[in-house]
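Computed from a predicted structure; not experimentally measured. Chain naming here is simple, since letters A, B, ... match the order of the sequence lines and numbering starts at 1 in each.
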Protein chains: 2
Amino acid sequence: MSKAVSGRADILPDLGEVFRAHGYEGTTLALITDATGLGKGSLYHFFPGGKEQMAAEVLAHIDAWFTEHIYAPLRDADDPGAGIVAMFDAVDAYFRSGRRVCLVGVMALGASRDSFAAQVKDYFAAWIDALAAALRRRGDSNAMARRKAEQTVLEIQGALVLSRALDDLKVFARALAAARARLNEKEGAVSEG
Amino acid sequence: MSKAVSGRADILPDLGEVFRAHGYEGTTLALITDATGLGKGSLYHFFPGGKEQMAAEVLAHIDAWFTEHIYAPLRDADDPGAGIVAMFDAVDAYFRSGRRVCLVGVMALGASRDSFAAQVKDYFAAWIDALAAALRRRGDSNAMARRKAEQTVLEIQGALVLSRALDDLKVFARALAAARARLNEKEGAVSEG
DNA sequence: GTCTATAAAGCGATAGAC
DNA sequence: GTCTATCGCTTTATAGAC
């Protein structure tokens, strides 16, 4: 599919879909050309660092999206509960109810993790921090907030894996609904470890 | 590292570690030669179907291991609770407390899933079925058993992703302990979805 | 069964015309 | 900025000697 793009930032979403679908190693310049309509000349003009730079910028783009649409509301919303509700809605929309996979999770599992370890780590650490901050503001202790936040992010990742493995979107829907409900309970929603 | 191997079944574990570490697309015959000590001649003698056959046989080998060490005890142990305890011990040992990644999960996320979709699906479906059977035998309703089983498998996968992303084995340990404890509770351990 | 040699294709990346 | 042509290398896979 070819597409009229003007700036290089415009192609980052398309680029992201290619990496998402094929992984870092599985992504080739030919696939990127197919998805973006840009030849090698243009691609190397925009990204002199080649494939590695493309992936790094895609990860940065994703991180910026999550910061704006998920982490910031979790931290800054007047009502922390509203930030949490907004997070689940945004997660469901972003991952298309389980149709879309988490590129950062894919990178974390693959060998490419070594090259992007810092970005992968920061993404998940920031997510857990932001969610824990909201839970703390809502009344949880520091330790309890962190435990619940870690468990919630973990479940979202597991839901994406299992939903795709079983080819069953209902798995993702159930897991997201369960995590949402659990965060609305008052006590000990996440068992001791 | 070279290694004296006689039969082709002997190299499946080494082969599995290569796929685990590099993913399907990232695995090359050169890497396999390094890990097994076998040249292309031997590799194609054992696996005429090449890389795809190697991956398929590795997945079958993993499935056989889980069937014997995890699914069978869950289904057949006199005490279903003992089968569940044994499952968590085996999972912790198999994934080396989070150091090792789940190859089937890696395959599920990647583009290679298309080629191995049936094997990936069967692995997770069998796991959930076996765990649900144990929970049912222990007194849970059919629906509750299935919900808890799905949630538990999902959390193990999520723990592997997050533990590796954060490069923190304690994440895996906490998640496994929490899932273990939750299955020992009597009521509503998994929230409604 | 294992080796070396090699084929044929695809890879990331570069150069230079326009 | 985009194109074509091309380099140098790696890839999967095969052939044939031993």
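- To the nearest 0.5 Å, atoms CG (B:Asp92) and CD1 (B:Ile156) are separated by 10.0 Å.
- Put simply, OH on B:Tyr44 is 7 Å from P on D:dT12, counting in whole angstrom units.
- Rounded to whole angstrom, the span from the CG atom of B:Leu29 across to the P atom of C:dA5 amounts to 18 Å.
- Atom CD of A:Glu25 is separated from atom P of D:dT12 by 12 Å (rounded to the nearest Å).
- In this structure, B:His22 atom NE2 and D:dT11 atom P are separated by 11 Å, rounded to whole Å.
- Within 4.0 Å of B:Gly39, counting heavy atoms only, lie sugar-phosphate atoms of the nucleic acid but no base atom.
- Shown are A:Arg147, A:Lys148, A:Arg146; of these, the salt bridge (Lys or Arg N to Asp or Glu O under 4.0 Å) with A:Asp140 is made only by A:Lys148.
- Considering only the side chain of B:His45, C:dT2 comes nearest among D:dT11, C:dC11, C:dT2.
- Between A:Lys51 atom NZ and C:dA13 atom P there is a gap of 8 Å when expressed in whole angstrom units.
- Counting only heavy atoms from C-beta on, B:Ser42 has its side chain closest to C:dT2 among C:dT2, D:dT2, C:dG12.
- The side chain of A:Thr28 lies closest to C:dC11, out of D:dT12, C:dC11, C:dT2.
- Atom CG in B:Leu43 sits roughly 14 Å away from atom C1' in D:dT14 (whole-Å rounding).
- Of the inter-residue distances, the one linking B:Asp129 atom CG with B:Tyr71 atom OH reads 10.0 Å to the nearest 0.5 angstrom.
- Going from atom CG of B:Leu31 over to atom P of D:dT11 covers 7 Å, rounded to whole Å.
- OP1 or OP2 of C:dA13 has not a single side-chain nitrogen or oxygen of A:Lys40 nearer than 4.0 Å.
- The separation between A:Leu38 atom CG and D:dT4 atom C1' is 15 Å, rounded to whole Å.
- Counting heavy atoms of neighbouring residues, nucleotides and ligands inside a 6.0 Å radius, atom CG of A:Asp114 exceeds 12 of them.
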